[in-house]
Student: 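Attaching a single structure in structure tokens format; questions to follow.
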Amino acid sequence: MTEERPPFPPFTLDTARAKVQAAEDAWNTREPERVALAYTQNSVWRNRDVFLQGRDQIVEFLTGKWQRELDYALRKSLWSFTDDHIAVRFQYEWHDSNGNWFRSYGNELWEFDERGLMSRREASINDVTITESERRLFGPRPADERDPGHEIPLR
């Protein structure tokens, strides 16, 4: 069985936006096994200062991430794309087990194989402490914000 994850490269503006929204939707499930299926078996990651390779390590990493980052809610926006690469900016909010809230800002660089699976992911992320009253992300993106050109506010 051949694994595929449409849309496939080469990307257009519409298919790149669809790929970004699909990634956001998957990550907001907080289901590591489901998220990992979007990556090649030997996908290479850099996430902050952590280097991973392969789906097993991705699942292990995401499992730990979502055990620490509670009530995680993510938004991604397309930044740029070429035939088989997509650049994304994102932010997500979460709290730790002590109830301290954070907004994490970052950029990702993605590379895809011909089957639409991500073979490489490079993520740079910074965390900002926020109060619970400063939250603006509450679960998956609402339907009225799913317009492909909808931008997330920078601050």
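Keep in mind that what you see is a predicted model, and the values were worked out from it rather than measured. Any value given below was found using the heavy atoms of this structure, including those in side chains, with hydrogens, waters and symmetry copies removed.
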Student: Treating Ser77 as the side-chain partner and Arg89 as the backbone partner, does any N or O pair qualify as donor plus acceptor under 3.5 Å?
Tutor: no
Student: Are Val44 and Ile58 connected into the same hydrophobic cluster when the rule is that any two of I, L, V, M, F, W, Y join if their side-chain heavy atoms are below 4.5 Å apart?
Tutor: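 No; Val44 is not reachable from Ile58 via cluster members.
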Student: Would you say that Lys19 contacts Arg5 through its side chain, given a criterion of any heavy-atom pair below 4.5 Å between the two side chains?
Tutor: yes
Student: Determine, using the 4.5 Å side-chain heavy-atom cutoff (strictly less than), whether Val59 and Trp27 are members of one ILVMFWY cluster.
Tutor: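 No; tracing contacts between hydrophobic side chains, which count when under 4.5 Å, never links both residues.
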Student: What about Leu74 and Leu109, same hydrophobic cluster or not, with Ile/Leu/Val/Met/Phe/Trp/Tyr joined at side-chain heavy-atom distances under 4.5 Å?
Tutor: no
Student: Ignoring hydrogens and angles, state whether a donor on the side chain of Glu24 or Gln21 is under 3.5 Å from an acceptor on the partner side chain.
Tutor: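 Looking only at side-chain atoms, Gln21 and Glu24 do form a donor-acceptor pair, the distance falling under 3.5 Å.
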Student: Under 3.5 Å, is there a donor-acceptor pair between the side chain of Glu93 and the main chain of Leu137?
Tutor: yes
Student: Which residues pass the side-chain hydrogen bond (donor to acceptor under 3.5 Å, both in side chains) test with Arg115, not counting sequence neighbours?
Tutor: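 For Arg115 the side-chain hydrogen bond (donor to acceptor under 3.5 Å, both in side chains) partners, ignoring immediate neighbours, are Asp113.
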Student: Mind checking salt bridge (charged side-chain N to carboxylate O under 4.0 Å, His left out) for Glu4 and listing every partner two or more places apart, or none if nothing turns up?
Tutor: none
Student: Provide the closest heavy-atom pair for Gln57 versus Gln53 in the form atom of the first, atom of the second, distance.
Tutor: OE1-N, 2.7 Å
Student: Quick one: closest heavy-atom pair of Arg17 and Leu78, and the distance?
Tutor: CG-CD2, 3.7 Å
Student: Is it the case that the ring center of Tyr39 lies less than 6.0 angstrom away from the ring center of Trp45?
Tutor: yes
Student: Could you work out, with side chain to side chain contact (heavy atoms under 4.5 Å, CB included) as the rule, every residue matching Ser80, not counting sequence neighbours?
Tutor: Ala87
Student: Is there any ring-ring contact (aromatic ring centres under 6.0 Å, His included) pair reaching into residues 3-23, and which pairs are they, with sequence neighbours excluded?
Tutor: Phe11-Phe112
Student: Looking only at heavy atoms, what is the nearest atom pair of Gly139 and Ala73, with distance?
Tutor: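 Heavy atoms of Gly139 and Ala73 come nearest at N-CB, 3.6 Å.
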Student: If two hydrophobic side chains count as joined below 4.5 Å and joins carry through other members, does Leu62 share a cluster with Val50?
Tutor: yes
Student: Could you pull out all residues at least two apart from Thr12 that satisfy side-chain hydrogen bond (donor to acceptor under 3.5 Å, both in side chains)?
Tutor: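 If we apply the side-chain hydrogen bond (donor to acceptor under 3.5 Å, both in side chains) test to Thr12, skipping adjacent residues, the hits are Thr15.
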Student: Please report the interatomic distance CZ(Arg121) to CD1(Ile86), rounded to the nearest 0.5 Å.
Tutor: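 Spacing of CZ (Arg121) from CD1 (Ile86) equals 13.5 Å.
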Student: With sequence neighbours excluded, what pairs up with Arg34 under the salt bridge (charged side-chain N to carboxylate O under 4.0 Å, His left out) test?
Tutor: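 With sequence neighbours excluded, Arg34 shows a salt bridge (charged side-chain N to carboxylate O under 4.0 Å, His left out) to no residue whatsoever.
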Student: In terms of hydrophobic clusters joined by side-chain contacts under 4.5 Å, are Val35 and Leu70 together?
Tutor: no
Student: With heavy-atom distances below 4.5 Å as the criterion, would you say the side chains of Tyr72 and Asn28 are in contact?
Tutor: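 A side-chain contact exists here, since the closest heavy-atom pair is under 4.5 Å.
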Student: Tell me, please, which residues at least two apart from Ser124 pass side-chain hydrogen bond (donor to acceptor under 3.5 Å, both in side chains).
Tutor: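 By the side-chain hydrogen bond (donor to acceptor under 3.5 Å, both in side chains) rule, Ser124 matches Arg46.
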Student: Give me the atom names and distance for the closest heavy-atom approach of Ile125 to Tyr92.
Tutor: CG2-OH, 4.0 Å
Student: Is any side-chain N of the basic residue among Glu134 and Arg103 closer than 4.0 Å to the acidic one's carboxylate O?
Tutor: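 The answer is no: the pair does not qualify as a salt bridge.
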Student: Test of understanding: with side chain to side chain contact (heavy atoms under 4.5 Å, CB included), list the residues that count as partners of Asn98, not counting sequence neighbours.
Tutor: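 Side chain to side chain contact (heavy atoms under 4.5 Å, CB included) list for Asn98, sorted by chain: Asp96, Asn100.
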Student: Does any part of the side chain of Arg136, heavy atoms only, come nearer than 4.5 Å to the side chain of Gln91, both counted from C-beta?
Tutor: yes
Student: Once side-chain hydrogen bond (donor to acceptor under 3.5 Å, both in side chains) is applied, do any residues pair with Trp94, and if so which ones, sequence neighbours excluded?
Tutor: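 In terms of side-chain hydrogen bond (donor to acceptor under 3.5 Å, both in side chains), with neighbours along the sequence ignored, Trp94 is linked to Ser104.
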Student: Determine the minimum heavy-atom distance between Pro9 and Asp83, stating which atoms define it.
Tutor: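 Closest approach of Pro9 to Asp83: CB-O, 3.2 Å.
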Student: Quick one: closest heavy-atom pair of Leu117 and Leu37, and the distance?
Tutor: CD2-O, 3.5 Å
Student: Could you tell me which residues satisfy salt bridge (charged side-chain N to carboxylate O under 4.0 Å, His left out) with Arg48, sequence neighbours excluded, listed by chain and number?
Tutor: Asp127
Student: Apply ring pair (Phe, Tyr, Trp, His ring centres under 6.0 Å) to Trp101 and list each qualifying residue two or more places apart in sequence or on a separate chain.
Tutor: His95
Student: In this structure, is the centre-to-centre distance between the rings of Trp79 and Trp110 below 6.0 Å?
Tutor: no
Student: According to salt bridge (charged side-chain N to carboxylate O under 4.0 Å, His left out), who are the partners of Arg55, at least two apart in sequence or on a separate chain?
Tutor: Glu3
Student: State, yes or no, whether a side-chain contact exists between Thr40 and Ser43 at a heavy-atom distance under 4.5 Å.
Tutor: yes
